[in-house]
K.L.:
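Here it is: the structure, laid out below.
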4 protein chains.
Amino acid sequence: MPKTSAVMPAPGRRLARASTQKKLDELLMKAASLVARKGFEATSMRDLAKAIDASLAGLYHYFSSKEDLLFQLQYRTFGSLLEQQQAVAAEPGTPEERFARLITGHLQFYARHRNELKACTFELESLTGKPYETVEAIRRRYYRLMTSVVADVIGGPSSNGKETRKSRHATLFIFGMLNWIFMWYEPSRHGTVEQIGQEMRELVLDGLRRGKRSG
Amino acid sequence: MPKTSAVMPAPGRRLARASTQKKLDELLMKAASLVARKGFEATSMRDLAKAIDASLAGLYHYFSSKEDLLFQLQYRTFGSLLEQQQAVAAEPGTPEERFARLITGHLQFYARHRNELKACTFELESLTGKPYETVEAIRRRYYRLMTSVVADVIGGPSSNGKETRKSRHATLFIFGMLNWIFMWYEPSRHGTVEQIGQEMRELVLDGLRRGKRSG
Amino acid sequence: MPKTSAVMPAPGRRLARASTQKKLDELLMKAASLVARKGFEATSMRDLAKAIDASLAGLYHYFSSKEDLLFQLQYRTFGSLLEQQQAVAAEPGTPEERFARLITGHLQFYARHRNELKACTFELESLTGKPYETVEAIRRRYYRLMTSVVADVIGGPSSNGKETRKSRHATLFIFGMLNWIFMWYEPSRHGTVEQIGQEMRELVLDGLRRGKRSG
Amino acid sequence: MPKTSAVMPAPGRRLARASTQKKLDELLMKAASLVARKGFEATSMRDLAKAIDASLAGLYHYFSSKEDLLFQLQYRTFGSLLEQQQAVAAEPGTPEERFARLITGHLQFYARHRNELKACTFELESLTGKPYETVEAIRRRYYRLMTSVVADVIGGPSSNGKETRKSRHATLFIFGMLNWIFMWYEPSRHGTVEQIGQEMRELVLDGLRRGKRSG
DNA sequence: GATGAATGAGCTTTCATTCAT
DNA sequence: TATGAATGAAAGCTCATTCAT
C-alpha cells in the first residue's frame, strides 16, 4: 500500500486543481514529519518552507496561518482515522473480534501515519477556539466508538454498547496503552504492530471479561 | 500533607543561603505549573519571571539557561519519584502487593506533583546532550524497577524480577495507562487516584497472571 | 569621483534584484561609518538599523549575523584595495616609482574609503574562524605585494622582489606609518594625502636604499 | 627586573593600605591582559571578576565604574611611560643619541608592559569627557617630547626642539611604526625589541637628516 | 501561484551597576 | 572589605505574518 498522507479535505476548503491538492498533501506530510520530530511550537514556518523547498510566503497560499496548518493536519488525520475505525467497527463479529479489529486498526494507522498521528495525539492543545473544538469533536466521537465496543466486551453484545463507568475508564486506559506507543515503539526491537496489538489484548481481555460478572 | 515541590538537589549545585533554596523550590514549582499548562517551548522566561514576580535577569541566578531550568525540574522530580518508588518496591509483600503499591505510589505522586511530573513525562525530549542523558538514566532505572516487579507478577516470586519480552512489553503498556492520565483525569469526575489505580490493576492483573501458564 | 562603497561581492552571495545590490552597498557604507566611529563591538545592530532607517529584522536579509556584516565589509574593502594595488604594482617603472605609486594608492584608497578601511584595519580580530582566515589571506597577499616592491627598492630590480629580513621589517614599519594615519590625519591641518605620501617616502627612501650597500 | 604593572597613582585617589595597593596593581594587570586580548567593549566586568577570582561586586571597591577602571589603567601606564621617557630625553647626548634612547625606551616599555600599553594605545577613544582629556593630555605631552627630539635630529641641536611641519609629521609617522608593532611583533620571529628599534632608526635617520639641508 | 523584502513583537541571554548583609 | 542577590536596559537574533511585484 502506498504511503500517502491521510486524506480528508478540511472543512470550508475548495479544492483547486488536482496538482494543488497533491502539493497540499505533500506539504502536510512534510509538516507532520517536522512537527512530530520537534513539536509544533518549536517548528517554525521557515523550517517548514525549507523542508518543503518552497518560499516562506508561498506557504500562505495553502494555509492561512501556522495554526491553520496544524488544524488541517489534525482534521484530516483524525477524520481519516475515525472513518477507518467506524468502518472497522461496523463489520460484523463478536465483541472480542470487533475489539481486536479496532486495536489492530489503530496500530496499523499509527504504523502508516506515525508523524501525522503524533501531531494529532500530542499537539491537540496547540489549537484553541473553534479549530480546537472541531478536532476535539472528532476525537470524542472516536473515544465513544471505542467505548461502545469495550462496553460490549465487558457486558456482552446484549449491553449494546452502553457506556458504564468501567467501560469508560477501561477505554481511557486502553488509549493510554495505544498512544504511549509513540514513546517507545521500534519495529526492529518490538515486532510488528499486529503482534503488539495482540499482546495488548491479552493483557486486558481477561480483565475486561471479569467485569461481566463483577461489575 | 503540605504540597511542596519534589525535593532533590541537582548535581553540582552548592546552595548559598537557606532562603535561596526556598526560593529555588518556589521557582521550580511555578515553572512546573507554567510548563505543564503551555508546554516548555511555549513558556518564555518572561512568563516565568512574571509568574514569579521577579525580574527576568534575576532568573539567571538560579538557572544558567532555560534548558538548565527544565533539567533541574526533571532531575529533582524524577529523582524524587524514583527514590519513593524504590522504597515502596523494597517493602516486603507478594508480587501482587508490591505491584499494587507501585501503581498507587505512582498515581499518588502524580496527584501531589502533577505539574512537575507532567514536565518530566512530556518534555523529556526538550533536553538534549548530557542533561537529557542524565534524566533519561533515571527514567530508565524507574522503568527497570517496574519491569522487575511486573515480571514477578507474571512469573511468581521465583522469577526474581527477571525480565522477559512479555514483562517488558506489559510494563510499557502499563506506563502508557499511567502516564496518559494527564490527558483526562479530573478528581471530581473520575474518583480518587487510589480508585483509578485499583481499576487499572483489575484490568491487567488477570492478563499478567495468565502469563504464568501460557508463556 | 563619486563616493561609493568599495565594491566586490562577497563569496557565495547571489544577488537578487539590482535594487537589493544597491541597498546592500548603502548598508555597508553606513555600517562602515558607525563601526569606524564607535568600534565594531560598541556598534549594535539596532544602531545600524536606525542609521539606515530600516527595521532591525530587515538587516538580517542582507547579513546572516553581525559578524557576517563585518566580514562582508572587510572582504569587499580589502579585496578592492588589493585589486587596485595589484594593478598599480603591475604598471612598469623603476622600483622607486612603483613604491611611490603603492604608497599613494594606499593613501588615496584611505581618503576615499576611510571608514571602510578603518573597519578593515582595526577590526580584523573581531572576526574568528573561517571568515577571519579568508580576510587574513587577503591581507597577507597585500603585505606580500608591498614587501616585494620594498625589496626591489632595497636591492634594485635585479632582486626580483625576493623577500629579506630587512624588506619584511621595513614593510611592517611602513604599514605602521600608513595605518596610523587614522589616528591623526585631518586634511585641513595636514594637507593632501598625496603630500603625506611624499613625506613618508622622503623619510624612508634613503634608509631603504642604504640597504643596497650595507645589508 | 620584576614584571610589575606600571605604577603611578591615579589622581584623587587615596592609597589605602599597602596590601590594597598591591591588589589594585594585580587587578589592573589582569584587566590589561583581558582588555588587550578582547578589547575594552568586549571585556565584561564579569570576565574581569572571574579572571581576578573576586566577586563582581568586589570590583567596585577599586573602581567606581568600568570606565574608571580603564581610566586608571591608562593614566598609570601612560604616566609611567611619559615619566620614563622624560628622564631618558633629559640625559645628555647628541640628538641622534637621544632619539635612539627614546625609540629604545618606548619599545622596551612595550616589551615590559605590552598589555597595559595596548589598552592605552588602542582604547583611548573608549574614554570620554574629563577622563579622556586627562589621558589625552599625557599623550600629547609625550608626542611633544618626541617631536622636540625629532626636530633636533632634523635641525641639529641648535634648533632647540622647535617644532616644524616636517618634525611633526615625521613624529606621527614614527609613532605609527612604533605602535603598529602590536600587530605583528613576536620575539621569536623578529628578534629583540632593541634590534627592532635599531632597524627603525636606520630606516628613518637618513630621511630625517636630509631635512637638515633641504627643509 | 509564487517570492524577495520587510517588519513589530518577541525570544534568550548578558550587561553594568546597586544594595543588604 | 567583601559578596550573593537583584534589576532595568540592552544585546543579537528569530518569529509569524504581510505585501508589492
Side-chain angles (χ1 to χ4, degrees), chain A residues 16-17 19-20 23-24 40-49 52-69, chain B residues 14-20 23-24 41-49 52-69, chain C residues 14-21 23-24 41-49 52-69, chain D residues 16-17 19-20 23-24 41-49 52-69:
Chain A
R17 306 190 220 129
S19 73
T20 295
K23 180 126 189 191
L24 200 152
F40 178 69
E41 270 284 340
T43 301
S44 73
M45 294 296 269
R46 270 170 182 78
D47 290 339
L48 282 172
I52 276 152
D53 201 44
S55 73
L56 177 55
L59 285 185
Y60 285 83
H61 288 289
Y62 297 94
F63 313 107
S64 66
S65 69
K66 195 189 175 193
E67 192 182 21
D68 178 47
L69 186 156
Chain B
R14 231 163 315 132
L15 305 173
R17 314 195 197 139
S19 72
T20 295
K23 180 129 190 189
L24 201 154
E41 271 284 340
T43 302
S44 75
M45 294 297 269
R46 273 176 180 78
D47 291 339
L48 279 172
I52 275 150
D53 199 44
S55 72
L56 178 54
L59 286 186
Y60 286 83
H61 277 284
Y62 298 93
F63 313 107
S64 66
S65 68
K66 196 189 175 192
E67 190 181 20
D68 179 47
L69 186 156
Chain C
R14 234 166 312 137
L15 306 174
R17 315 192 199 143
S19 72
T20 295
Q21 174 60 34
K23 179 127 189 188
L24 201 153
E41 272 284 341
T43 302
S44 75
M45 293 298 269
R46 275 169 180 81
D47 290 338
L48 277 173
I52 274 149
D53 199 45
S55 72
L56 175 57
L59 285 187
Y60 286 85
H61 277 284
Y62 297 94
F63 314 106
S64 66
S65 68
K66 197 189 175 194
E67 190 182 20
D68 179 47
L69 186 156
Chain D
R17 305 188 221 131
S19 73
T20 296
K23 179 126 190 192
L24 201 153
E41 270 285 341
T43 301
S44 73
M45 294 296 270
R46 272 171 181 78
D47 290 338
L48 282 171
I52 276 153
D53 202 44
S55 72
L56 178 54
L59 285 186
Y60 286 82
H61 287 288
Y62 297 94
F63 313 106
S64 67
S65 69
K66 196 189 174 194
E67 192 182 19
D68 178 48
L69 185 156

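Here is how names work: the chains are called A, B, and so on, in the same order as the sequence lines, proteins then strands, and each is numbered from 1. When reading the values below, keep in mind they use all heavy atoms of this one structure, side chains included, and skip hydrogens, waters and symmetry mates. Just so it is clear, the structure is predicted and the values come from calculations on it, not from any experiment.
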K.L.:
Looking only at heavy atoms, which two atoms of Phe63(D) and Asp68(D) are closest? And how far apart?
P.N.:
CA-OD2, 3.4 Å
K.L.:
What is the distance, rounded to the nearest whole Å, between atom NE2 of His61(A) and atom C1' of dG1(E)?
P.N.:
5 Å
K.L.:
Return the OG1 to CD distance between Thr43(C) and Glu41(D), rounded to the nearest 0.5 Å.
P.N.:
8.5 Å
K.L.:
Measure OH/Tyr62(D) against C1'/dT1(F) and give the value in whole Å, please.
P.N.:
7 Å
K.L.:
How far does CG of Leu48(A) sit from OH of Tyr62(A), to the nearest 0.5 angstrom?
P.N.:
14.0 Å
K.L.:
Could you give the CG-to-P distance, from Leu48(A) to dT14(F), as a whole number of Å?
P.N.:
17 Å
K.L.:
From CG of Leu24(B) over to P of dA5(F), roughly how many Å is that when rounded to an integer?
P.N.:
10 Å
K.L.:
Can you tell me the distance, in whole Å, between the CD1 atom of Ile52(A) and the P atom of dT3(E)?
P.N.:
12 Å
K.L.:
For Phe40(A), is there any backbone N or O sitting under 3.5 Å from a side-chain donor or acceptor partner on Lys66(A)?
P.N.:
yes
K.L.:
For DNA chain E, which ranges pair as stems of 3 or more consecutive Watson-Crick or G-U pairs, with both donor-acceptor distances under 3.5 Å?
P.N.:
E:2-21 with F:2-21
K.L.:
To the nearest Å, how far apart are Asp53(D) CG and dG4(F) P?
P.N.:
11 Å
K.L.:
Partners of Ser44(A) by side-chain hydrogen bond (donor to acceptor under 3.5 Å, both in side chains), sequence neighbours excluded?
P.N.:
Asp47(A)
K.L.:
Mind calculating the distance between CG (Asp68(A)) and P (dA16(F)) to the nearest angstrom?
P.N.:
14 Å
K.L.:
Quick one: pull up CE in Met45(D) and CD1 in Ile52(D) and give me the separation to the nearest 0.5 Å.
P.N.:
8.5 Å
K.L.:
Does Lys23(C) make a side-chain N or O approach to OP1 or OP2 of dA6(E) shorter than 4.0 Å?
P.N.:
yes
K.L.:
Could you write nucleotides 12-17 of chain E as a row of B, S and -, 5' to 3', where a protein heavy atom under 4.0 Å of any base atom gives B, of only sugar-phosphate atoms gives S, and otherwise -?
P.N.:
BBBBBB
K.L.:
Can you name the closest pair of heavy atoms from Leu59(A) and Ala49(A) and give their distance?
P.N.:
CD1-N, 3.9 Å
K.L.:
Whole-Å distance between dA2(E) C1' and Phe63(A) CZ?
P.N.:
15 Å
